Amino acid sequence: MEPLYQSKLQCICCETPFMTSRVRPSFKKAIATDTDFCGYYKAGVNPDFYVVRVCPTCGFASTENGLDRLNDTQKRKYMEAAGSRWVPANYGGERTEKEAMACYKLALISAQAVGEKDRVIAGILHHIAWMNRYESNKAEEQRFLRFALQAYIRVYEEEGASLNNARLMYIIGELHRRIGKRNEAVRWFTRVVNDKKIMDSAMIRASREQWQLIREEAMLNGEMSDPTEQGSGDGIASFA
């Protein structure tokens with residue numbers, strides 16, 4: 001059985017039908033997963049390469065979690081931002097790492113143009129960081145982790161407190177850790193562990209493990225201060 005299959009969609013911007021590839025569920029099991037949920041897969045088929053759907057006619061790109069329709073103003077804004085300069089290209093078949101990266105960047109441009117939800121934009125930014133990780137591009141990975149972190153924080157400020165979203169809180173802590181903001185990471189991990197309303201045992205356990213990892217790293221480096229006992233007022237790079 002082939003890992004990819006074709007699915008027919010209609011572009012929500014130009015309304016043109018097009019085909020896109022998806023990965024069959026039986027091929028989606030990761031053989032390894034990083035602590036920020038970046039997956040690694042066997043047989044060279046990475047489902048993350050096929051998350052974004054790109055219209056070959058106008059270039060509008062989106063994920064299944066994004067908007068399901070655009071109004072006239074959003075369509076105009078996309079066309080002004082990118083669509084008017086789109087050179088027809090088809091990403092509907094098998095994708096390389098480079099092509100997957102291009103699709104995510106198109107999705108980011110599209111999402112920003114039409115005012116997509118922060119939760120969707122955060123996911124796109126995080127996936128771009130993963131694409132750079134696959135390519136061992138540490139500098140760009142770190143840059144997009146910072147962008148994703150800031151977007152996730154906006155999500156939490158807007159909706160996370162009401163949702164008690166342990167996974168969101170954990171990922172904010174983990175991205176702080178990955179960009180070297182260990183004190184901030186500890187603060188977020190502590191929130192997950194100490195919030196009695198949180199019942200997500202997997203995220204509580206993961207937060208404890210990462211909290212302990214930070215302590216061990218501090219001890220290994222011979223640092224005088226314990227990052228799990230103090231905070232930091234350091235800011236986060238802005239994203240424009």
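Just so you know, these numbers come straight off a predicted model, no measurement behind them.
Between the side chain of N71 and the backbone N or O of Q74 there is at least one donor-acceptor pair closer than 3.5 Å. In this structure, R24 contributes its side chain and E2 its backbone to a donor-acceptor pair below 3.5 Å. The backbone N or O of V23 lies less than 3.5 Å from no partner atom in the side chain of Y5, so there is not a single donor-acceptor pair. Counting only distance, with no hydrogens or angles, the side chain of R95 and the backbone of F49 share a donor-acceptor pair below 3.5 Å. Judged by distance alone, with hydrogens and angles left aside, the side-chain atoms of Q142 form a donor-acceptor pair with the main-chain N or O of R178 at under 3.5 Å. Listed for the E99 side chain is no donor-acceptor partner under 3.5 Å among the backbone atoms of Y91. Side chain of W86 to main chain of P56: a donor-acceptor pair is present (N/O by atom type, distance under 3.5 Å, no hydrogens or angles). With hydrogens and angles ignored, the 3.5 Å screen pairs no side-chain donor or acceptor of S110 with any backbone N or O of S62.
Between R119 and E159 there is a salt bridge, since a side-chain N of the basic residue sits under 4.0 Å from a carboxylate O of the acidic one. Taking 4.0 Å as the cut-off between side-chain N and carboxylate O, D36 and R177 do not count as a salt-bridged pair. Between D72 and K77 there is no salt bridge, since no side-chain nitrogen of the basic residue lies less than 4.0 Å from a carboxylate oxygen of the acidic one. A salt bridge links K75 to E15: one of the charged nitrogens lies within less than 4.0 Å of a carboxylate oxygen. Between R76 and E80 there is a salt bridge, since at least one side-chain N of the basic residue sits less than 4.0 Å from a carboxylate O of the acidic one.
Remark: E135 CD is packed, more than 12 non-hydrogen atoms of other residues, nucleotides or ligands lying under 6.0 Å away. Atom CZ of R208 has 12 or fewer neighbouring heavy atoms from other residues, nucleotides or ligands inside a 6.0 Å radius.
Rounding to the nearest 0.5 Å places CE of M19 at 6.5 Å from OG of S7. For the atom pair NZ (K181) and NE2 (H176), the distance works out to 8.0 Å, reported to the nearest 0.5 Å. Between K138 atom NZ and N132 atom CG the span is 11.0 Å, to the nearest 0.5 Å. Taken to the nearest 0.5 Å, the SG atom of C13 stands 6.0 Å off from the CE atom of M79. A distance of 9.5 Å separates SG of C55 from CD of Q10, quoted to the nearest 0.5 Å. To the nearest 0.5 Å, atom NZ of residue K105 and atom CG of residue L108 are 9.5 Å apart.
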Show your reasoning for whether side chain to side chain donor-acceptor pair (under 3.5 Å) applies to Q210 and E174.
CA-CA 8 Å; Q210 297 310 91; E174 178 59 12; 2.9 Å; yes
Between I198 and M203, does a side-chain contact (heavy atoms from CB on, under 4.5 Å) hold up when you go through it step by step?
CA-CA 9 Å; I198 291 177; M203 289 300 95; 5.8 Å; no
Could you go through the salt bridge (charged side-chain N to carboxylate O under 4.0 Å, His left out) check for E157 and R154 one step at a time?
CA-CA 5 Å; E157 291 172 345; R154 289 197 301 269; over 6 Å; no
For N46 and Y134, what are the C-alpha separation, side-chain angles and deciding distance, and is it a side-chain contact (heavy atoms from CB on, under 4.5 Å)?
CA-CA 11 Å; N46 188 331; Y134 295 140; 3.1 Å; yes
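Linking ILVMFWY residues whenever their side-chain heavy atoms come closer than 4.5 Å, directly or via other members, places I204 and L168 in the same cluster. Residue V114 is not grouped with residue I124 when hydrophobic side chains (ILVMFWY) are merged at heavy-atom distances under 4.5 angstrom, including chains of intermediate members. V193 and I171 fall within a single hydrophobic cluster, where Ile, Leu, Val, Met, Phe, Trp and Tyr side chains are chained together by heavy-atom contacts under 4.5 Å. V51 and I12 fall into different hydrophobic clusters, defined by Ile, Leu, Val, Met, Phe, Trp and Tyr side-chain heavy atoms under 4.5 Å apart, directly or through other members. Linking Ile, Leu, Val, Met, Phe, Trp and Tyr residues whenever their side-chain heavy atoms come within less than 4.5 Å places L106 and V120 in a single cluster.
At a threshold of 4.5 Å between non-hydrogen side-chain atoms, the residues M131 and D48 count as touching. Two residues are said to be in side-chain contact when any heavy atoms from C-beta on lie closer than 4.5 Å; Y50 and L4 meet this criterion. Annotation: side chain of C38 is in contact with side chain of R133 (closest heavy-atom distance under 4.5 Å). Looking at heavy atoms from C-beta onward, F37 lies in side-chain contact with R167 at the 4.5 angstrom threshold. Looking at heavy atoms from C-beta onward, T190 lies in side-chain contact with W211 at the 4.5 angstrom threshold. R182 has its side chain out of reach of R187: every pair of non-hydrogen atoms, C-beta onward, lies at least 4.5 Å apart. Under the 4.5 Å side-chain criterion, counting only non-hydrogen atoms from C-beta, F27 is not in contact with P47. Using a 4.5 Å cut-off on side-chain heavy atoms (C-beta onward), V54 and F60 make no contact.
Looking at every heavy atom in both residues, G39 comes nearest to A30 through CA-CB, 4.5 Å. Heavy-atom minimum distance, A166 versus V192: O-CG2, 4.1 Å. Closest heavy-atom contact between I214 and V186: CD1-CG2, 3.8 Å. Of all the heavy atoms in A129 and L145, the pair that sits closest is CB-CD2, 3.7 Å.
Of the residues N165, T35, L175, the one that meets the side-chain contact (heavy atoms from CB on, under 4.5 Å) test with Y170 is T35.
The ring of Y156 has its center closer than 6.0 angstrom to the ring center of W188. A distance below 6.0 Å separates the ring centres of H126 and Y152.
With no hydrogens or angles considered, no side-chain donor-acceptor pair links T20 and Q6 at under 3.5 Å. Side chains of D34 and Y40: a donor on one and an acceptor on the other come within 3.5 Å.
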